[in-house]
Structure formats: C-alpha cells, structure tokens
Colleague: 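One structure coming up, written as structure tokens, with questions to follow.
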Amino acid sequence: MLKRASLLLLLALLLPLGLAAPLVAQEEGEGAPAAAAQADDHGGEPRSDARRERPESRRLPPAVATEHQIAIGGETIEYQAIAGSIVLEGANGREEADIAFVAYFRKGADPQRRPITFAFNGGPGAASAYLHIGALGPRRLSFGNEGEVPSSPPVLSDNAESWLPFTDLVFVDPVGTGFSRFLTSDGEVRRRYWSVDGDISALGSFVWQFLNRYDRLASPKGLVGESYGGFRVPKLARALQTRFGIGVGTLVMISPVLDFSLIEDGAVSPLAKAARLPSFAATALERGGRTITSRAELAEAERYAGGPFLADFLRGPRDREATERFVAEVTRFTGLDEAFVRRLAGRVDMRSFVRELHRDRERVGSYYDGAVTGLDPDPFAARSDFDDPVLDGSVAPLTSASVDYLARELGYRVDGRYHLLNRQVSGRWNWGSGRRQPQALGDLADALALDGRARALVVHGFTDLVTPYFASKLALDQLPALGSDGGRVELAVLPGGHMFYTRDVSRRALTDAVRPLYEEIK
C-alpha cells in the first residue's frame, strides 16, 4: 500500500504538467475508473453509464475541403486542406468515437509517390494543435516563449518551416482531445480507448481508414509524435506493420518518453536525477546569458551524470565524502546556492530547481523550458504553487487560435468545447497492470528490425526538464545495431525546451533534420 500511495502522489504532482506518470504498481483489476461515474467527455460533471447513448446528432460535421497556397523557399505551393472526422466502430459494429483531423494535400503531386505523415501530440490528453500550428502545418502561432502570455493575440502567420514541401500532413486528435468525442456513454468503451493498448488500436484503425478513404495506401508513410505522442510512435508503427498491414518508413519522435523508468523522480533510483542534470546545466547556462547550441557544450555535465553522479548517489547521504563531492558538483552544474543543494543532499528535484534558480528575481522557470520564466505568485513563501509559464500560459492562445482557424480559414465549425489539454484523459488513463514501467524502446527495436529500410529520429530541446534529452540518450544507447552502424536511429538536441520548435532557429533545424528522411523513403 505504501508503494501504491507514493505512486499516486507522484501522479498528482505530474498531472498538471500535461505528461501523466504511469501507475505501474497496480495489481490486476486495480486503478480502473469506476463504471458508474464516468465524466462527460466535454469536461462536464460525472454522468451515469445508465444514460442512453448520445444521439447521432452529436457526431462531428461532414468534412470540409478548402484551397490554399503558401510561398516557401521561393516556391509557391498550392494545397488542399480537409477538416473532418473518421468514426471508429467496435467489434459489434456500434459507433464508438468520432476522431477529428485536419489534413493537407499538396496539389499536383503523385499520391503514389508523395509521402504522407500522421501527427499527434501526447499528454495523454493533448490535442495536436501544438505540432499543427506550432511547428509542422502551413499556418503558425508564436507561443511558449518569454514575453508571450495568455492574452497575446492568437494571430496565425504563414509557416516557412512547414513540412508541406516534402510530405502531406494529417493532424489527429485522439478521442477526448480537440473536438474528438465519444459516441457512446459506455464506460467500458471509454476505459478501452483511454489505455496504452486501446489508444494504439484506435489510432491504428484511424490510420487504416484514412489511407483507405483517400486512396493513399500506396504512399510512403511517416509518423511524428510529441511527448507521449513520441511514446506512441514506435508502438503505432509496430501495430501498423503487424496488425493493419501498413508499413511506416519514417518515425520522428519529438521530446518523447521512451522509458518511463528514466524520468520517474523517485527517492532511491538515481536515473531520473542523472537524466535531468545536463538539462539543469543547460538551463543554468541560459540563465547566465548563454544559449546552448551543441551537446559538446554539455559534454562535462553528461560525463558526470553518466558516471560519478551515479556512483556517489548510490553510496547514499551517510557517506560524508561522497556527499561532499556530490553537493559540490551538483552545485557547480545547476548554478543553485550551495547551502540549498546541501539541504537536499545534492538530490535536486525538478520543482525545486525551477523555483530556486530564479528566486532572486521573484520568478519561476517552466518545467517545459527551464529558461522561460514567469512571475512567482508567492515569491516569499518557502514553497509556492504556480502555473507553468509555458504549458499553462499557452492554453488560451492555442485554444483560441485553433478554433478560430478551423472556423474562419478552413470553414469547419463545431458545436462543442475544444479540449487542448483534457486532464480527465490523463487522470483516467489505464497504464495496465503489473509492476514494470511502460516503455517503447522495445517497440522501436522491433519495428526497425522488421523493416530494414525504416529510419527513426529522436529530437529534444536542451532545456526541457519534463522529458530530458539525456534520458533518451541513455535509452537509445541500449539499442542493438539493427543491421547498421547505429545510423538508423539518430538523436538530435536543439536550443529550447519541450516545444523547442517555438524558437525560430530550432524549428528550422527540425525541418532540416527531417527532410532527408523523407527523401529516402520515396
């Protein structure tokens, strides 16, 4: 019970971050939401399963197609945008969920040779707006940087770094996010969709139906996901290969979680603290006015985190010599006050770091980009509860911009609430039973082993504290060669945080890094 209680506390701390921590200490049958009080998928109060299924009028409107053009790199690209949805059915043929999407098709391209990429965000419980109007789509909103606040105008501009020049794009909102919704109040259906395995099955069904509907089964295919969406990518690629008969040549994981055991900040395991230390160091350097552009600038922090840090941590705080070394080095890399680090015996957690690093200015850092700060609402208290300057600060402009763009520019008006971040989804997510942390590294190895032509790219931001880049580095180092010199899986780290693409230089670098992968799968 103590183990389970500690994990529930961890979940409560992480849920506001938009990346849910898995409950892995469940025995069979534990942890599932009660069937008698499922919450309304539009954020309302709990409702009984005994109520009748929603009528068909709750389905999303028919798809709308519009014509557009954009100038990128001196070239004018004409494209068609389609906003619509695909209904998913259960084994009994009953409609279960209406999944919203926005697709972009380049006009005049040969659909048999033109790549198509499916994109989704994470949470679980996040809509695809972050990647859609933040990085990949033809229209872009500036958000998530210093000085951008909830009341910033949600005005879109053309995105010169859109992936449209080399791939068609389909942005997918899993059920409960964006405008996507359940078409039944059956609690068992909800539990199935809001689970690790059920989510992959639903996304696989969506991809199959979309490719079939729009005659794109012969197109080269790619997947891109951010955060938990990056966790989805290897699992979905493997499911598409083996269960749906669809091959995927390009896998792009943006700020992903590959193994949850590497980011769970427990009291005993040093792995999460070691994984975050290079990102703490990058944040401290940016706090001092230096922008990190290369891993070479953090080589010393990486060497320490991957060796002496682990050794001295495991000796424990009662080893005075180890603790002295530990405190001195952690202080040096984090830029925190030595007395504060000593009080924590060198075991600096993420929440303490983002507040203490900026406390002298009465500001707090973001978990999603430690270099981006906001005002501390209670700067003189020993502890402070604060909204994340990046994640929470972006909800209003992203939500308003997404709904306005769908309605005004794409002609797709929906009666219902738009969920950019639906915390009901993450709070009710079923991580499965057992005592092992969920991981997608094995799925990545299996997907690449089965398809010798497929390639993967993992991209992180230096100052992302939620899914630190060094955690992916530690995970990817455990992969076998997979028939190559290791070049089939690349790790890139760029300036910025979790949504590093909000920085212009990093968004350009992401596009430049991805483009060659699509040239290879044509």
Side-chain angles (χ1 to χ4, degrees), residues 13 262-374 376 379-384 386 389 460-471 473-474 493 495 497:
L13 290 173
L262 293 174
I263 66 168
E264 182 187 346
D265 212 353
V268 176
S269 173
L271 290 176
K273 287 184 170 61
R276 286 193 171 93
L277 188 65
S279 292
F280 285 171
T283 301
L285 289 170
E286 290 216 6
R287 168 72 165 82
R290 174 178 165 189
T291 299
I292 304 301
T293 60
S294 167
R295 279 182 60 194
E297 300 173 73
L298 297 172
E300 189 179 1
E302 289 189 16
R303 281 194 296 269
Y304 175 68
F309 178 97
L310 297 172
D312 282 342
F313 185 104
L314 291 172
R315 287 187 174 94
R318 288 180 299 192
D319 187 320
R320 296 295 180 88
E321 292 184 2
T323 298
E324 286 302 313
R325 291 192 301 268
F326 197 59
V327 168
E329 291 298 282
V330 170
T331 298
R332 181 164 70 94
F333 286 116
T334 61
L336 297 174
D337 179 71
E338 183 176 352
F340 175 78
V341 176
R342 189 176 300 280
R343 285 200 301 274
L344 298 180
R347 289 150 171 79
V348 177
D349 62 278
M350 183 169 57
R351 174 177 284 269
S352 297
F353 176 79
V354 298
R355 186 162 191 245
E356 292 300 320
L357 186 66
H358 307 285
R359 183 189 278 270
D360 61 329
R361 296 188 295 152
E362 299 183 9
R363 300 183 73 86
V364 293
S366 168
Y367 302 111
Y368 288 83
D369 187 339
V372 175
T373 66
D376 188 338
F380 308 113
R383 298 178 62 85
S384 175
F386 49 87
H460 281 273
F462 283 112
T463 49
D464 177 10
L465 309 182
V466 176
T467 57
Y469 80 89
F470 201 59
K473 193 269 182 188
L474 294 174
V493 191

Colleague: Testing the basics here: between Thr467 and His460, what is the closest heavy-atom pair and its distance to 0.1 Å?
Modeller: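 The pair with the smallest heavy-atom distance is O-ND1, 3.1 Å.
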Colleague: Show the numbers, then the answer: is there a side chain to side chain contact (heavy atoms under 4.5 Å, CB included) between Phe326 and Arg347?
Modeller: CA-CA 9 Å; Phe326 197 59; Arg347 289 150 171 79; 3.7 Å; yes
Colleague: Do Thr283 and Phe353 have side chains that get closer than 4.5 Å, going by heavy atoms?
Modeller: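 Yes; the side chains approach each other to less than 4.5 Å.
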Colleague: So, taking the atom named CG in Leu271 and the one named CZ in Phe470, what distance separates them when rounded to the nearest 0.5 Å?
Modeller: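 Here the rounded value is 10.5 Å.
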Colleague: Could you grab the distance from atom CG of Leu285 to atom CZ of Arg290, nearest 0.5 Å is fine?
Modeller: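 The CZ atom of Arg290 is 5.0 Å from CG of Leu285, to the nearest 0.5 Å.
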Colleague: Side chains of Leu344 and Val327: does their closest heavy-atom pair fall under 4.5 Å?
Modeller: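 Contact flag for Leu344/Val327 side chains = no.
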Colleague: Going by ring pair (Phe, Tyr, Trp, His ring centres under 6.0 Å), Tyr304 matches just one of Phe313, Phe333, Phe280. Which one?
Modeller: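 Passing option: Phe333.
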Colleague: For Arg342 and Glu338: C-alpha separation, side-chain torsions, deciding distance, then whether salt bridge (Lys or Arg N to Asp or Glu O under 4.0 Å) applies.
Modeller: CA-CA 6 Å; Arg342 189 176 300 280; Glu338 183 176 352; 2.8 Å; yes
Colleague: With side chains defined as the heavy atoms from C-beta onward, is the minimum distance between Thr323 and Asp312 less than 4.5 Å?
Modeller: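 Not in contact.
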Colleague: Side-chain contact test, heavy atoms from C-beta onward, threshold under 4.5 Å: evaluate it for Leu298 versus Tyr469 and give yes or no.
Modeller: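 Result yes, sub-4.5 Å side-chain heavy-atom pair found.
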Colleague: Side chains of Ser366 and Asp369: do they bring a donor and an acceptor to under 3.5 Å?
Modeller: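 No, no side-chain donor-acceptor pair sits under 3.5 Å.
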Colleague: Taking the six-membered ring of Phe386 as reference, does the NZ or CZ atom of Arg351 fall below 6.0 Å from its centre and within a 45° cone about the axis?
Modeller: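 Yes; both conditions hold, so Arg351 lies above the ring face of Phe386.
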Colleague: Could you check whether any side-chain heavy atom of Pro468 comes within less than 4.5 Å of a side-chain heavy atom of Ile263, counting everything from C-beta outward?
Modeller: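 With C-beta onward as the side chain, the pair touches.
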Colleague: Measuring from atom CG of Asp337 to atom CZ of Arg359, what distance do you get when rounded to the nearest 0.5 angstrom?
Modeller: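 Nearest 0.5 Å value for the CG-CZ distance: 10.5 Å.
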Colleague: How long is the span from the OG1 atom in Thr463 to the CZ atom in Arg287, to the nearest 0.5 Å?
Modeller: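 Going from OG1 on Thr463 over to CZ on Arg287, the span is 14.5 Å.
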Colleague: Heavy atoms, side chains only, cut-off 4.5 Å: are Phe309 and Val330 in contact?
Modeller: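 Side chain of Phe309 against side chain of Val330, heavy atoms only: contact under 4.5 Å found.
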Colleague: Does any non-hydrogen side-chain atom of Arg355 lie less than 4.5 Å from one of Asp376?
Modeller: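 Yes - at least one pair of side-chain heavy atoms lies under 4.5 Å apart.
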Colleague: Can you list the steps and then say if Glu329 with Arg332 is a salt bridge (Lys or Arg N to Asp or Glu O under 4.0 Å)?
Modeller: CA-CA 5 Å; Glu329 291 298 282; Arg332 181 164 70 94; 2.8 Å; yes
Colleague: List the atom of Arg276, the atom of Leu465, and the distance in Å for their closest heavy-atom pair.
Modeller: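 Heavy-atom minimum between the residues: NE-O, 2.6 Å.
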Colleague: Got a second to check how far Arg363's CZ is from Leu357's CG, nearest 0.5 Å?
Modeller: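 Those atoms lie 12.5 Å apart.
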Colleague: Using salt bridge (Lys or Arg N to Asp or Glu O under 4.0 Å), reason through Lys473 and Glu302 one step at a time and then give a plain yes or no.
Modeller: CA-CA 10 Å; Lys473 193 269 182 188; Glu302 289 189 16; 5.4 Å; no
Colleague: Write down the atom of Ala281, the atom of Ala301, and the distance for their closest heavy-atom approach.
Modeller: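 Distance-wise, the nearest heavy atoms are CB-CB, 4.0 Å.
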